[in-house]
J.: 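To start, I am sharing the structure in question, which I have written as structure tokens.
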Protein chains: 2
Amino acid sequence: MLKISSLNVNGIRAAHRHGFTDWVSQNKPDIICLQELRALEHQVPDPIQNMDYHSVYHTAEKKGYSGVGILSREKPIQIQKGIGVDWIDNEGRILMSEFEDLIVFSVYAPSGTTGDERQDLKMEFLDHFLPFAQKYLSGNKPVVFCGDYNICHKPIDIHNPKRNKNTSGFLPEEREWVTQLLETGFEDAYRRLHEGEEDLYSWWSYRAASKERNKGWRIDYHMTCPTLLEAAEEAVIEREWDLSDHAPVTISYSI
Amino acid sequence: MLKISSLNVNGIRAAHRHGFTDWVSQNKPDIICLQELRALEHQVPDPIQNMDYHSVYHTAEKKGYSGVGILSREKPIQIQKGIGVDWIDNEGRILMSEFEDLIVFSVYAPSGTTGDERQDLKMEFLDHFLPFAQKYLSGNKPVVFCGDYNICHKPIDIHNPKRNKNTSGFLPEEREWVTQLLETGFEDAYRRLHEGEEDLYSWWSYRAASKERNKGWRIDYHMTCPTLLEAAEEAVIEREWDLSDHAPVTISYSI
DNA sequence: CATAGTACG
DNA sequence: CGTATTATG
């Protein structure tokens, strides 16, 4: 059994203050994909660095901004930072760890909520990401792209689909992109294990007590190859932990 | 009996969180001279604005920076913001409230701790301040210049005079300036009521638990005319309140 | 609302 | 150490 968690920490230092190491020691995931570290590698709190995990980070050039990481009990046999597109790689958004019989990515798609310019870059990111990810589907190792895609796919994935139909994160072209990703062969593993179930979200605004009222969005995914979907046995969103504005999305795979 | 308090609040909003209105209602000063408001007038918390005091503020152009105020039970018959020197007035450092038989100033001298440039401006401020204040000594109303002068006068006023003899706030030329102010006729009323008493400070660094170890500086003064010194009956530094890194300096005058 | 950054003290 | 700012989400 291999347990993989994905979590946008909204600042690894803040998540540490909120009990990140407690969560790790109580849940013992084999692999943890982190997004939005908002720290340089040397700023990651020591107690996290001293956990019994191998850690790989791909941080942004800009201090306190973006950045992804992968923690794993096993040491990766290979890692890859970025995808060869300068502005994306400078923002620390895509990181791979390859293991003996599994490839894991931590992905942090840009937010488009701050304006048109960033929304355009978000779409550009998605356009780069799709063919990049596709290549790994035809490889001979199971692959999963875990992360914060900053997109809700379907109305069921957002608490107020009507009000948000023109909001970045639920725009038709963004939702269509997720559909394309699935049509190329990826699987939204969490949804596939919870078909039709409502009120399942992975992010809640800090404002207006959104989390306690469960007014959230499901924007964090395990996008798996078909093989891994078959191996997926249990998928949970760990809403009971308040480590950041996101909840960990954890799936156990029988490999 | 007229009770006048002087307090550097290090942010009126922060002081409010730390119990400013409790302090006011328990002590009921007639006049409160405030320094380092670090807020525009409309940002002063409502509970402070709604106290039974008249308030006058002279804020800095730069947001979140400097600024002085005077709260008084009586309504001032006249007020004066600044002293006619642009850079000083833009920084919100000197404010007057005139009453029937008293003139009160709230003064916030620049800090010189951030470097030579600001230290030079501090000395320039002091050079402007001295003749400005002097004029009021020859007037026919009692006058007091309350505030944070950012200078310790004598070794007795600082916990470690030797180590700080080259530190801004205890430099020979700054201490000499205070001596001159006193020689022109002003009185350091708090000291005059506590001659020779040691370990009396009004400011403690937030660092290194300075306050609980009483490693402080006395840099907040009531600089009074001789008439007011004679009227001064009780002078206290209210160290038991933790409203900011300074303690209120409160003197009761029998006028 | 919250986490970063930086300026200032 | 602590209170502000501003950028970002």
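Protein chains get the first letters and strands the later ones, always in sequence-line order, with residue 1 at the start of each.
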J.: Would you kindly give the CZ-to-P distance between Phe125(B) and dG9(C), to the nearest whole Å?
T.: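 So the CZ-P distance, Phe125(B) to dG9(C), works out to 13 Å.
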J.: dT3(C) P sits how many Å from Leu243(A) CG, rounded?
T.: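 Computing the Leu243(A):CG to dT3(C):P distance gives 12 Å.
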J.: Can Gln35(B) and Ser6(B) be counted as having a side-chain donor-acceptor contact under 3.5 angstrom?
T.: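 Yes, side-chain donor-acceptor contact under 3.5 Å.
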J.: Between atom CD in Glu212(A) and atom C1' in dC1(C), what is the gap in whole Å?
T.: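 Taking atom C1' of dC1(C) as the reference, CD of Glu212(A) is at 13 Å.
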J.: Round to a whole Å and report the spacing from CZ of Arg13(B) to P of dG2(D).
T.: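 These atoms are roughly 18 Å apart.
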J.: Find the distance His18(B):NE2 to dC1(D):P and express it as a whole number of Å.
T.: 15 Å
J.: Which residues pass the salt bridge (charged side-chain N to carboxylate O under 4.0 Å, His left out) test with Arg191(B), not counting sequence neighbours?
T.: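 Checked Arg191(B) against salt bridge (charged side-chain N to carboxylate O under 4.0 Å, His left out); matches are Asp157(B).
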J.: Write out a two-atom table: protein N or O, nucleotide N or O from nucleotides 7-9 of chain D, distance below 3.5 Å.
T.:
unit_1, atom_1, unit_2, atom_2, d
dT8(D), OP1, Lys62(A), NZ, 3.0
dG9(D), OP1, Tyr65(A), OH, 2.7
dG9(D), OP2, Thr114(A), OG1, 3.3
dG9(D), O6, Arg207(A), NH2, 3.3

J.: How far does CH2 of Trp177(A) sit from CZ of Phe129(A), to the nearest 0.5 angstrom?
T.: 5.0 Å
J.: Between Ile12(A) and Ala208(A), which has a closest nucleotide on DNA chain C that is more 5'?
T.: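 By nearest-heavy-atom nucleotide position, the 5'-most residue is Ala208(A).
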J.: Would you call Glu91(B) and Lys62(B) a salt bridge, taking side-chain N to carboxylate O under 4.0 Å as the test?
T.: no
J.: Using atom NZ of Lys63(A) as one end and atom P of dT3(C) as the other, report the distance to the nearest whole Å.
T.: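 Nearest whole value for this atom pair: 19 Å.
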J.: Rounded to whole Å, please give me the gap between CD in Gln43(B) and P in dT3(D).
T.: 16 Å
J.: Round to a whole Å and report the spacing from CG of Asp242(A) to C1' of dC1(C).
T.: 13 Å
J.: To check you understand the geometry: which heavy-atom pair defines the closest contact between Cys146(B) and Ile4(B), and what is its length?
T.: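 Cys146(B) and Ile4(B) have their closest heavy atoms at SG-CG2, 3.9 Å.
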J.: For a quick test of reading the model: is some side-chain N or O of Gln119(B) closer than 4.0 Å to OP1 or OP2 of dG9(C)?
T.: no
J.: Under the criterion side chain to side chain donor-acceptor pair (under 3.5 Å), which of His222(B), Arg218(B), Lys154(B) is the partner of Asp188(B)?
T.: Arg218(B)
J.: So what does Gln35(A) touch, heavy atoms closer than 4.0 Å: a base, only the sugar-phosphate, or nothing?
T.: nothing
J.: Can you confirm whether the side chains of Glu238(A) and Gln26(A) place a donor and an acceptor under 3.5 Å from each other?
T.: no
J.: Contact class for Glu91(A) (heavy atom, under 4.0 Å): base, sugar-phosphate, or nothing?
T.: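 No contact at all - Glu91(A) keeps every heavy atom at 4.0 Å or more from the nucleic acid.
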